[in-house]
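All residue numbers in this chain count up from 1 along the given sequence. All values derive from a computational prediction rather than experimental measurement.
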Amino acid sequence: MGHWGIEPFERELLYRLLTGPHRDIVRQLVGNDNRIARVRRAINWIRNHHTERLTVQALAEYAGMSQASLHRHFKSATGITPLQYQKRLRLQEARIKLLSGADVSDTAYTVGYESPSQLSREYSRLFGQAPSADARRLRDQAASPTQISTAPY
């Protein structure tokens, strides 16, 4: 063990990362009070509260950012907006519940939708089929919740 309890090769790697051409990105990734950490905080909040009503204003306040900054940096990090991210989490959870035999109406309310028709519309848009038809197809294919939660949309 070298200085600070790290091996010489680890110290060299850290030096190269922090002084190389991507040093700004590396510093952002490991920093605690930066935009990436704040977006990560917003993502974690959405994951833990995806069934609740979400306003971008409240999420921005929670993350310590302006709405415009949160929206821009969230989309840069994830490729989608915070509301789209919440919607995908809800739809993925609905898909898993439906695969296990849950009713569409009950599932809609459980995952945070205000109506089964709202769930059906958004589900069909994302997965290309009505919820019950998609669940039947997945059961016929013997898909597991793990397989569908990691499958691309």
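Residues satisfying the salt bridge (charged side-chain N to carboxylate O under 4.0 Å, His left out) test with Arg16, not counting sequence neighbours, are Glu12.
The two residues Val104 and Leu119 make their nearest non-hydrogen contact at O-CD2, 3.9 Å. Contact detail for Ala94 and Val111: the closest heavy-atom pair is N-CG1, 3.9 Å. Of all heavy-atom pairs spanning Pro116 and Ala108, the tightest one is CA-CB, 3.6 Å. Among all heavy-atom pairs drawn from Leu126 and Arg88, the shortest one is CD1-NE, 3.9 Å. Across every non-hydrogen atom of Thr107 and Ala102, the tightest pair is OG1-CB, 3.4 Å. When all heavy atoms of Ile46 and Pro82 are compared, the pair lying nearest together is CD1-O, 3.9 Å.
Atoms CG and CG, from Leu18 and Leu13 in turn, are 9.0 Å apart once rounded to the nearest 0.5 Å. Atoms CZ and CE, on Arg38 and Met65 in that order, are 7.0 Å from each other to the nearest 0.5 Å. Rounded to the nearest 0.5 angstrom, Arg41 CZ and Leu59 CG are separated by 10.0 Å. Distance check, rounded to the nearest 0.5 Å: CG of Leu89 to CZ of Arg47 gives 7.0 Å. In this structure, CD on Glu122 lies 11.0 Å from CZ on Phe127, to the nearest 0.5 angstrom.
Heavy atoms of other residues, nucleotides or ligands lying less than 6.0 angstrom from CD of Gln141 number more than 12.
Among the candidates Arg90, Lys87, Gln86, Glu93, the single residue satisfying the side-chain hydrogen bond (donor to acceptor under 3.5 Å, both in side chains) test with His50 is Glu93.
In terms of modelled atom types and a separation under 3.5 Å, the side chain of Ser76 and the main chain of Arg72 share no donor-acceptor contact.
Contact check for Lys75 versus Tyr85: no side-chain heavy atoms found under the 4.5 Å cut-off. Residues Leu83 and Phe74 fail the side-chain proximity criterion, which asks for heavy atoms closer than 4.5 Å. The shortest distance between side-chain heavy atoms of Leu54 and His49 does not fall below 4.5 Å. Side-chain atoms of Leu99 and Arg139, non-hydrogen and from C-beta on, do get closer than 4.5 Å to each other.
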Pair Tyr113-Arg121, side chain to side chain contact (heavy atoms under 4.5 Å, CB included): steps then yes or no: CA-CA 11 Å; Tyr113 282 97; Arg121 271 191 313 275; over 6 Å; no
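Linking Ile, Leu, Val, Met, Phe, Trp and Tyr whenever their side-chain heavy atoms come within less than 4.5 Å puts Ile80 and Trp45 in one cluster.
If you check the side chains of Gln118 and Ser115, you find no donor sitting under 3.5 Å from an acceptor.
Using a cutoff of 4.0 Å between basic side-chain nitrogens and carboxylate oxygens, Asp134 and Arg137 are scored as salt-bridged.
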